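Take a look at the structure set out below.
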Amino acid sequence: MANPAPAFTLSRQGIETSAAIHWNLPTAPLVEHALSRGEGLLAEHGPLVVDTGKHTGRSAKDKFIVRDTETEENIWWGATNKAMTPAHFATLKADFIQHLAGIDTLFVQDLFGGSQPEHRVRVRVINELAWHNLFIRTLLVRPESQALAGFEPEFTIIDLPSFKADPARHGTRSETVVAVNFSEKLILIGGTRYAGEMKKSVFGILNYKLPVDGIMPMHCSANIGPKGDTAVFFGLSGTGKTTLSADASRTLIGDDEHGWSDTAVFNFEGGCYAKMIRLSEEAEPEIYATTRRFGTVLENVVIDPDTRKLDLDDASKAENTRGAYPIDFIPNASAENMGPVPRNVIMLTADAFGVLPPIAKLTPDQAMYHFLSGYTAKVAGTEIGVTEPEATFSTCFGAPFMPRHPSIYGNLLKERIAKGGVDCWLVNTGWTGGKYGVGKRMPIKATRALLNAALDGSLNDAEFRIDPNFGFKVPVSVAGVEPAILDPRQTWADKAEYDATAQKLVGLFIENFAQFAEHVDESVRASAPRAA
């Protein structure tokens with residue numbers, strides 16, 4: 001039986017439908033609906049396994065923001081944030097509402113984006129798929145039952161995979177569309193079954209809203225030490241953000257999206273969305289355990305239809321297999337999804353050029369420079385035609401989700417680091433002893449030893465040298481870490497090749513940062529690496 005409708009119904013939002021509407025169903029009924037409707041299979045031990053079809057990741061090229069008086073001066077327009085006209089959106093919206101009226105069953109969740117009450121956003125999500133509704137209920141913050149009766153959404157997301165956009169009529173690139181209207185506070189998602197579009201849409205809302213109030217939105221993981229010291233971990237995919245923040249000795253705040261207010265670091269979400277491909281019980285036991293629990297949603301994971309056994313190593317459906325589960329499935333998760341303001345900020349990079357040291361200490365200006373750069377490197381063989389390491393720069397360690405100009409987020413970070421006396425570290429989890437194909441991956445044991453020394457404060461007492469290429473401070477010796485590894489040049493057999501490779505990377509940094517130079521202070525520009 002469906003929960004009663006709240007006072008603020010769909011009709012009050014201009015949405016008329018004769019569909020059966022299921023309001024704010026909890027996990028078990030949503031799983032039952034998904035199974036009865038043929039949307040997925042129940043695996044042994046209880047997780048729901050679903051396929052997302054041809055879209056196994058975000059459709060970044062199909063995302064648009066309506067360009068109007070609200071957004072004209074506030075959005076960082078370009079390749080990441082593409083414009084849609086108000087007229088095209090009006091037509092798209094009308095067609096969405098008409099399409100929605102023909103659907104016989106709808107699932108609606110009223111949820112919060114953000115765990116700190118004074119900085120959260122109220123979001124209503126309307127789905128045609130039961131598993132989509134379960135996914136977003138799992139990923140966002142679930143209100144207490146007494147808060148639902150009077151719930152009035154600030155933003156609404158309508159996600160209809162069966163809707164196909166018309167590029168000529170709607171101004172889209174294809175039949176797939178993610179259209180964001182900040183004036184109407186409405187997001188329309190069509191033509192894709194990939195549920196992560198909903199999650200990242202809420203991230204985009206908060207990334208747009210919070211800076212106005214001086215709150216720093218962050219694409220990062222975060223945890224708390226036994227002494228109440230919070231650390232945040234920025235990093236692109238493959239740098240170790242989830243692995244290094246998942247520490248049994250520290251309390252997990254969250255694995256992906258957070259805000260930094262005057263009083264707290266708070267998780268935007270109430271769940272986790274972890275990569276599952278080749279997940280092992282030995283390496284990541286807490287995350288592995290979620291694949292054996294009722295309430296987890298597994299996307300594109302291969303399952304035997306007869307035995308219902310999972311094969312987490314099989315990437316035949318997608319390399320980007322994912323699991324969505326409530327954050328309290330992780331044993332050491334924070335009950336409040338919040339922690340004190342940070343004591344340490346960690347920026348993770350996997351430098352496949354083998355140039356960067358395993359750890360470096362950054363000034364606030366250097367931190368802003370590296371935050372705006374958002375550097376990591378692809379390795380040879382990850383894509384056709386890539387035979388050498390290839391630099392990747394994703395500003396703020398999350399460019400696709402940042403609607404405002406990166407300098408706004410960078411200045412917020414710099415101010416908060418300086419104001420709180422926060423220690424900031426650049427940690428290289430990439431290669432040492434040479435570039436990819438010559439050197440080897442940075443030993444995880446060394447990375448954890450250096451990270452632990454940074455987090456417990458002991459690294460501040462180390463002797464430091466100034467890196468001649470990047471100008472940041474690098475420890476000369478750290479207990480339990482081989483001294484040679486701290487100076488990457490010494491790990492290379494050919495020192496001249498190291499120097500040439502380092503200068504190549506320096507040049508890539510300088511070239512990338514040119515787009516931000518006029519938007520930052522001279523002190524930040526002076527934090528650039530040094531060309532010979």
Side-chain angles (χ1 to χ4, degrees), residues 24 26-27 109-125 134-148 150-155 157 196 198-225 228-234 241-242 245-247 250-274 286 290 295 324-343 345 398 401-402 409 412-413 416 420:
N24 297 307
T27 299
Q109 290 286 335
D110 289 331
L111 300 158
F112 295 132
S115 297
Q116 190 167 14
E118 57 268 43
H119 302 306
R120 64 180 31 151
V121 62
R122 300 183 305 278
V123 181
R124 172 167 288 173
V125 186
L134 173 60
F135 172 95
I136 200 62
R137 183 181 188 276
T138 301
L139 263 295
L140 294 188
V141 178
R142 299 163 286 281
E144 298 292 335
S145 56
Q146 60 267 28
L148 290 173
F151 190 98
E152 291 192 17
E154 295 173 70
F155 279 80
I157 298 172
M198 294 182 286
K199 163 190 158 70
K200 289 305 184 186
S201 292
V202 176
F203 191 30
I205 291 169
L206 290 162
N207 287 336
Y208 184 77
K209 280 175 56 71
L210 293 181
V212 177
D213 299 322
I215 311 301
M216 173 68 190
M218 303 178 291
H219 185 216
C220 69
S221 57
N223 63 26
I224 314 168
D229 55 302
T230 297
V232 299
F233 299 77
F234 293 104
K241 178 164 58 82
T242 299
S245 63
D247 184 331
R250 297 175 66 88
T251 299
L252 181 69
I253 300 174
D255 76 331
D256 197 38
E257 302 170 4
H258 296 81
W260 182 351
S261 70
D262 289 337
T263 58
V265 166
F266 61 98
N267 195 347
F268 287 168
E269 304 181 303
C272 299
Y273 192 36
E286 293 87 0
T290 69
Y325 49 87
I327 194 168
D328 59 19
F329 278 16
I330 301 298
N332 62 328
S334 163
E336 297 80 22
N337 282 358
M338 292 195 294
V341 295
R343 186 71 196 86
V345 167
F401 322 119
M402 303 296 176
Y409 307 106
L412 272 171
L413 181 69
R416 290 204 169 274

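It should be emphasised that the depicted structure is a prediction, and the values quoted were computed from it without experimental measurement.
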Subject >> Under the ring pair (Phe, Tyr, Trp, His ring centres under 6.0 Å) test, residues paired with F401 that sit two or more places apart >> reply: F203, H219

**OP:** Under the salt bridge (Lys or Arg N to Asp or Glu O under 4.0 Å) rule, collect the residues that match up with R343, sequence neighbours excluded.
**Re:** D423

Original post:
Quick one: salt bridge (Lys or Arg N to Asp or Glu O under 4.0 Å) partners of K209, sequence neighbours excluded?
Top reply: E154

Original post:
Is there any salt bridge (Lys or Arg N to Asp or Glu O under 4.0 Å) pair reaching into residues 258-268, and which pairs are they, with sequence neighbours excluded?
Top reply: D262-R416, D262-K419

Original post:
So, the side chain of T138 versus the backbone of G271: is there a donor-acceptor pair under 3.5 Å, distance only?
Top reply: no

Original post:
Atom CD1 of I330 and atom CG of L252: how far apart are they, to the nearest 0.5 Å?
Top reply: 7.0 Å

Original post:
At their closest point, which heavy atom of S115 faces which heavy atom of R120, and how far apart are they?
Top reply: O-NH2, 3.4 Å

Subject >> Note, V141 side chain near N267 side chain (heavy atom, < 4.5 Å) >> reply: no

Original post:
Which distance, rounded to the nearest 0.5 Å, do you find between the CD1 of I157 and the CD1 of I205?
Top reply: 5.0 Å

Original post:
Under a 4.5 Å cut-off applied to non-hydrogen side-chain atoms, are F268 and P217 in contact?
Top reply: yes

**OP:** Provide the closest heavy-atom pair for S334 versus I253 in the form atom of the first, atom of the second, distance.
**Re:** CB-CA, 4.4 Å

Subject >> Stepwise side chain to side chain contact (heavy atoms under 4.5 Å, CB included) check, M216 with Y409 >> reply: CA-CA 7 Å; M216 173 68 190; Y409 307 106; 4.2 Å; yes

Subject >> Closest approach of R137 to T27 (non-hydrogen atoms, all atoms of both residues) >> reply: NH1-OG1, 3.6 Å

**OP:** State, yes or no, whether a side-chain contact exists between R142 and Q109 at a heavy-atom distance under 4.5 Å.
**Re:** no

Subject >> Heavy-atom closest pair, residues G228 and P340 >> reply: O-CG, 3.3 Å

Subject >> CG on D256 to CZ on F233, rounded to 0.5 Å >> reply: 14.0 Å

**OP:** Only counting residues at least two apart or in another chain, list the ones meeting salt bridge (Lys or Arg N to Asp or Glu O under 4.0 Å) with E269.
**Re:** K199

**OP:** Walk me through it: do W260 and L413 pass the test side chain to side chain contact (heavy atoms under 4.5 Å, CB included)?
**Re:** CA-CA 9 Å; W260 182 351; L413 181 69; 3.8 Å; yes

Original post:
Can you list the steps and then say if T263 with Q116 is a side chain to side chain contact (heavy atoms under 4.5 Å, CB included)?
Top reply: CA-CA 10 Å; T263 58; Q116 190 167 14; 2.9 Å; yes

**OP:** Determine whether L111 and P143 make a side-chain contact, defined as any pair of heavy atoms from C-beta on separated by less than 4.5 Å.
**Re:** yes

Original post:
Taking the side chain as C-beta and beyond, is there a heavy-atom pair between R250 and D229 under 4.5 Å?
Top reply: yes

Subject >> Student check: side-chain heavy atoms of H258 and V232 closer than 4.5 Å >> reply: no

Original post:
At their closest point, which heavy atom of S261 faces which heavy atom of F266, and how far apart are they?
Top reply: CB-CE2, 4.2 Å

Original post:
Of all residues at least two apart in sequence or in a different chain, which pass the salt bridge (Lys or Arg N to Asp or Glu O under 4.0 Å) check with D255?
Top reply: none

Original post:
Is there a side-chain contact between D110 and R122, using heavy atoms and a 4.5 Å cut-off?
Top reply: no

Subject >> Contact check, side chains of T230 and V341, non-hydrogen atoms, under 4.5 Å >> reply: no

Subject >> Which atom of A333 lies closest to which atom of I327, heavy atoms considered >> reply: CB-O, 3.4 Å

Subject >> Rounded distance [0.5 Å steps], CD in E257 versus OH in Y273 >> reply: 11.5 Å

